[in-house]
Number of protein chains: 2
Amino acid sequence: MTRRIQKDVPIPLYYQLKEILKERIKSGDLETGELIPSERELGEIYEISRPTVRQAINELVSEGFLRKEHGRGTYVAKQKISQWFLQNLTSFSEEMAEKGLDFSTTVLKKEVVGVDSTLEEVFEGNFEQFYRLERLRCVNGEPYVIVTTYIPVKLAEGLIDEDLEQYSLYKTLEKKYQFQIGYADRVIEASNANKEDADLLAVDSTSAIQLIKTRGYLENDEVFEYSIARYRGDLSNFTVRVPYQSNT
Amino acid sequence: MTRRIQKDVPIPLYYQLKEILKERIKSGDLETGELIPSERELGEIYEISRPTVRQAINELVSEGFLRKEHGRGTYVAKQKISQWFLQNLTSFSEEMAEKGLDFSTTVLKKEVVGVDSTLEEVFEGNFEQFYRLERLRCVNGEPYVIVTTYIPVKLAEGLIDEDLEQYSLYKTLEKKYQFQIGYADRVIEASNANKEDADLLAVDSTSAIQLIKTRGYLENDEVFEYSIARYRGDLSNFTVRVPYQSNT
DNA sequence: GACGTAATGTCGTCATTACCAGTTGCTATA
DNA sequence: TATAGCAACTGGTAATGACGACATTACGTC
């Protein structure tokens, strides 16, 4: 019954254990709040050493699957509430596909623009010309979000000719342009819609809009993207889990 | 010059190294983007073993201070942009104090209420009565956010008599009521103000409001708090850093 | 000069061993 | 009976040793 850990494949042992434990949690074999076997026991069961077990467990703890209590043991943590892209930087398409929702993307505008003061600041004056994409995304047929994206022409020459209605922007940058995407900083604001956005989103012109400004960074900390997304306030909500940091 | 690691104090070696490295980063001794000494070198310098160095470094990486590149070395990561409470669950007072801003809290209402369907769902039907606190918080004299907080009476008998204008709610729960606060789940929404809130926040009645609903959990995963905060959309913004997770 | 290769340095993985530090429950003692 | 204290768990910290995988550089060959 217990899946074995294979030592003759090039997959790290701690990683195999992680996957096994995640599987056991998802399948309900290990229930929420339940005490899991001790580190030493897991080592015996799967025939690996304790440090290896600890690496697997520590990562699962930091990912929110487990919770440790010194002297008592390790428990299966309460399942995270469905996490929006505030926790994981995945593309819109993946997010929606995972939720099993119908979605579509319409490219409203594709153009090349010069710098302005915002772009100057965001890209630290490194680039002169930018692709500016404006896209409307719908979920289940309803307008959901408008995204304006700026990407330096120098970094992705020809991007403007790609089919961005069928293929995800991030996936395209990763696969076709060999971008090594690292992380993103997001600023979240609430504001009122302007007239054009209100029309496109099919809401009243006084409606609240969830603004999310994203700076996308490569693995080497270089900014490669700046985008401004306007979500319908009445359709969107974002969740985030925050650890408590008591300062002594 | 280099601070030594003390082996005769009950502070873990890896933790001492973490503090030293953080200090060196903050002081500018180690600059952004700079390659830091290799794990083996650090081990020699501070006379500790490589696994200990690795523990310190790995935690700093997960906290965003460092960035590792396999085969190349470890770099000082670009400094995080000022992080709002979306990353660290600190209290409002601490957040503001750290920014050096003047702030004040006014308790608008203190009462005991029974369950309703929302509280039933949030607290899983575990409690009958709740303290309901309504507080207005101002920054630099300007209204900034209104917070409605629900806490089960059973968990903090007498809380209603505490001075919550001078002392932080979280700090009070921690120190006086021995709460072991674990983490929080936050849901972020944009909406329009209602009349009372608009008046209190001194904004137009059509203005956008940043809604943040928080469920506070103890270390053992029990919900101890539910709050709804309404921030002025024009004054508040929240930032969050998101790692990229490419799925193969 | 261009290219492949080897050397060397980096982080990544893993095992083994040892001891420390909280928690819990049993037991011997008062 | 009540309780202090002693195991016997748990996870936490630390050292040592070994090898693998990846990146860079220098060098030798073509």
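Naming convention: chains lettered A, B, ... in sequence-line order (proteins, then strands); numbering from 1 in each chain.
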Side chains of B:Glu162 and B:Tyr177: is there a donor and an acceptor less than 3.5 Å apart?
-> yes

Check the interface with nucleotides 12-14 of chain C: list each N/O to N/O pair with the protein under 3.5 Å, or write none.
residue	atom	partner	partner atom	Å
C:dG12	OP2	B:Arg54	NH1	3.1
C:dG12	OP2	B:Lys68	NZ	2.7
C:dG12	N7	B:Arg50	NH2	3.4
C:dG12	O6	B:Arg50	NH2	2.8
C:dT13	OP1	A:Tyr14	OH	3.0
C:dT13	O4	B:Arg50	NH2	3.3
C:dC14	OP1	A:Leu13	N	2.1
C:dC14	OP2	A:Leu13	N	3.2
C:dC14	OP2	A:Tyr14	N	3.1

Can you tell me the distance, in whole Å, between the CD atom of B:Glu44 and the P atom of C:dG9?
-> 12 Å

Take atom OH of B:Tyr75 and atom P of D:dA23, then tell me their distance rounded to the nearest Å.
-> 11 Å

Name the residue closer to the 5' end of DNA chain D, choosing between A:Pro10 and A:Glu41 according to the nucleotide with the nearest heavy atom.
-> A:Glu41

Closest heavy-atom contact between A:Val76 and A:Leu66?
-> CA-CD2, 4.0 Å

Do B:Tyr75 and B:Arg67 have side-chain N/O donor and acceptor atoms under 3.5 Å apart?
-> no

Look at the aromatic rings of B:Tyr217 and B:Tyr183 and report parallel, tilted or perpendicular, splitting at 30° and 60°.
-> parallel

Round to a whole Å and report the spacing from CZ of A:Arg67 to P of D:dT10.
-> 17 Å

In terms of ring plane angle, is the pair B:Phe224 and B:Phe179 parallel, tilted or perpendicular, where the classes change at 30° and 60°?
-> perpendicular

CZ of A:Arg72 versus C1' of D:dG11: gap in Å, rounded?
-> 12 Å

Looking at A:Thr74, does any N or O in its side chain come under 4.0 Å of the phosphate oxygens OP1/OP2 on D:dG11?
-> yes

Will you find, in the side chains of A:Lys68 and A:Asn58, an N or O donor that is under 3.5 Å from an N or O acceptor?
-> yes

